Amino acid sequence: MSPAAPSSTSPLLDWRVRFGALALIWGFSFLFIKVGTEGFAPFQVTFGRLLFGTAVLAAAIAVKRDRLPRGARVWGHLAVAALLLNALPFSLFAYAELTIPSTLAGICNATTPLWGMALSLVALSEDRPTRVRAAGLGIGFVGVLTVLGAWQGFSGLDVTGTALALLASSSYAVGWIYVRRTLSGTGVSNLSLAGSQVGLATLQLAVVTPLFTTVPESVELLPLLSVVALGALGTGYAMLLQYGVVAEVGPTTASMVTYFIPVIATAAGVALLDEHLTWNTPVGALVVLAGAALTQTRASRRAAPPTTVPQPAAVPAETPPRAASRT
């Protein structure tokens with residue numbers, strides 16, 4: 001998928017302001033998930049998130065009078081992408097945060113570039129790693145072990161919840177490789193593809209949620225507002241911000257938002273949810289981010305490379321190109 005063409009009119013807000021807003025929204029997504037699961041089952045949180053996100057994107061598509069994708073093959077690929085990039089990772093993060101802090105979930109989300117790098121070794125023959133990128137992969141996973149306190153035998157850590165968060169991050173990586181192979185060059189706008197993808201994920205959760213959950217006996221205001229914000233802001237509006245930033249400054253700069261998300265998620269969890277950190281969590285997170293940054297470097301080439309279609313940033317979460325996060 002190619003980034004949307006820049007608008008002929010100047011945006012109302014400087015791209016740096018929109019970049020900062022995007023980082024804040026995706027960083028707070030992990031807090032919204034945590035609060036949402038206090039009043040709803042994880043599948044219900046995910047379904048609500050996707051429903052409100054679809055509403056925002058559908059409204060944007062209607063305003064722009066964009067056309068939806070055509071052809072059963074494209075819709076079939078979008079259904080798989082919806083599972084790998086939305087329905088599955090969103091649900092896994094929601095289940096993970098039943099037992100792990102939102103800070104740890106945000107840091108696990110930052111491992112997506114590492115999974116992407118590892119998977120590209122076998123899935124993308126044109127994307128072979130350099131020594132620097134290979135070193136970044138190793139450094140990044142040392143950071144993961146530091147966050148998890150491996151030398152203590154993972155004492156005090158909920159292994160299941162952490163594994164679910166890491167599995168969610170790897171799902172983003174698999175999803176972006178799949179999208180790169182199947183949906184590049186479709187001739188359909190990113191907005192239309194994104195809206196269709198999130199809409200399909202909503203339908204998937206609409207089928208799954210009633211099978212595994214029951215209607216809550218009461219609805220508390222704060223969890224409800226968190227789910228609304230998670231969907232309308234974190235899944236809907238954030239994707240619109242993202243595509244605007246990609247169109248204006250390019251996917252490489254836009255992908256830098258990945259490195260702010262765990263910092264904001266950690267700050268939000270500590271300040272607003274009173275989550276506690278040991279020294280290895282922030283130190284390990286910095287090591288993870290350093291390794292992730294190295295995996296995004298490219299070898300210099302004497303000849304100009306052939307023109308390729310860049311990947312758009314994704315969605316925390318929502319994850320940027322090659323660096324795949326948000327949530």
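Everything numeric here is computed off the predicted structure, so don't read it as measured data.
- Across all non-hydrogen atoms, the minimal contact from A201 to L50 is O-CD1, 3.6 Å.
- Residues F32 and W26 keep their aromatic ring centres 6.0 Å or farther apart.
- Using a 4.5 Å heavy-atom cutoff, the side chains of L166 and T162 are in contact.
- The two residues A82 and L200 come nearest to each other via the heavy atoms CB-CB, 4.0 Å.
- Minimum heavy-atom separation, L31 to A268: CD1-O, 3.7 Å.
- A distance of 11.0 Å separates CG in L114 from CG in L119, rounded to the nearest 0.5 Å.
- Panel note: side chain S192, backbone R67; a donor-acceptor pair is recorded below 3.5 Å.
- With rounding to the nearest 0.5 angstrom, the CZ atom of F260 is 10.0 Å from the CG atom of L289.
- For F47 and F40, the ring centers are positioned 6.0 Å apart or more.
- Going from atom CG of L84 over to atom OH of Y172 covers 11.5 Å, rounded to the nearest 0.5 Å.
- T112 places no side-chain N or O within 3.5 Å of a backbone atom of A173 that could act as its donor or acceptor partner.
- In plain terms, the two heavy atoms of P69 and W75 that are nearest each other are O-NE1, 2.9 Å.
- Among the candidates T235, T202, N86, the single residue satisfying the side chain to side chain donor-acceptor pair (under 3.5 Å) test with R49 is T235.
- Judged as a ring pair (Phe, Tyr, Trp, His ring centres under 6.0 Å), and not counting sequence neighbours, F28 has no contacts.
- Considering only residues two or more places apart in sequence or on other chains, Y178 meets the ring pair (Phe, Tyr, Trp, His ring centres under 6.0 Å) condition with H77.
- Counting heavy-atom neighbours within 6.0 Å of F141 CZ, excluding the residue itself, gives a total above 12.
- Residues satisfying the side chain to side chain donor-acceptor pair (under 3.5 Å) criterion with S196, sequence neighbours excluded, are absent altogether.
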Audit row: L104, E275, side chain to side chain contact (heavy atoms under 4.5 Å, CB included) steps and yes/no
CA-CA 10 Å; L104 180 56; E275 295 179 348; over 6 Å; no
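- Scored by the side chain to side chain donor-acceptor pair (under 3.5 Å) test, R16 finds D14 as partners (sequence neighbours excluded).
- Inspection of the D66 and S189 side chains reveals an N or O donor paired with an N or O acceptor under 3.5 Å.
- No side-chain heavy atom of I33 sits less than 4.5 Å from a side-chain heavy atom of S102.
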Worked verdict on I100 versus L164 for side chain to side chain contact (heavy atoms under 4.5 Å, CB included)
CA-CA 10 Å; I100 66 173; L164 290 176; over 6 Å; no
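- Taken together through direct or relayed side-chain contacts under 4.5 Å among Ile, Leu, Val, Met, Phe, Trp and Tyr, L273 and L98 form part of one hydrophobic cluster.
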Going through the checks in order, is the side chain to side chain contact (heavy atoms under 4.5 Å, CB included) test met by F30 and I261?
CA-CA 10 Å; F30 298 95; I261 293 173; 3.9 Å; yes
Show which side-chain atoms of residues 210-229 pair as donor or acceptor with protein atoms under 3.5 Å away, not counting sequence neighbours.
unit_1, atom_1, unit_2, atom_2, d
T213, OG1, Q44, NE2, 3.4
T213, OG1, T209, O, 2.6
S226, OG, L222, O, 3.0

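- Separating the CG atom in L167 from the OH atom in Y95 is a distance of 14.0 Å, to the nearest 0.5 Å.
- Here L78 contributes atom CG and L83 contributes atom CG; the two are 12.5 Å apart, rounded to the nearest 0.5 Å.
- The closest side-chain heavy-atom distance from S91 to L205 is below 4.5 Å.
- In this structure, Y237 places its OH atom where only 12 or fewer heavy-atom neighbours from other residues, nucleotides or ligands lie under 6.0 Å away.
- Think of V142 as one node in a network of Ile, Leu, Val, Met, Phe, Trp and Tyr side chains linked at under 4.5 Å; it has no links at all.
- Within the 3.5 Å criterion, the main-chain N or O of W115 finds no donor-acceptor partner in the side chain of S170.
- With contacts defined as side-chain heavy-atom distances shorter than 4.5 Å, the pair V245/V257 does not qualify.
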Show your reasoning for whether side chain to side chain contact (heavy atoms under 4.5 Å, CB included) applies to L191 and I61.
CA-CA 7 Å; L191 174 59; I61 291 173; 3.7 Å; yes
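- Nearest heavy atoms, L241 versus L22: CD1-N, 4.2 Å.
- With hydrogens and angles disregarded, no donor-acceptor distance shorter than 3.5 Å links the side chain of T111 to the backbone of I107.
- Hydrophobic clustering, with ILVMFWY side chains joined whenever heavy atoms are under 4.5 angstrom apart, groups I264 together with M256.
- Checked by atom type, the side-chain pair T266/T103 shows no donor-acceptor distance below 3.5 Å.
- L277 has its side chain within reach of V270: a pair of non-hydrogen atoms, C-beta onward, lies under 4.5 Å apart.
- For the atom pair CG of N190 and CG of L183, the computed distance is 10.5 Å after rounding to the nearest 0.5 Å.
- Of all non-hydrogen atoms in L85 and F90, the two that sit nearest each other are O-CE1, 3.9 Å.
- Side chain to side chain, D158 and T160 fail the donor-acceptor criterion of an N or O pair below 3.5 Å.
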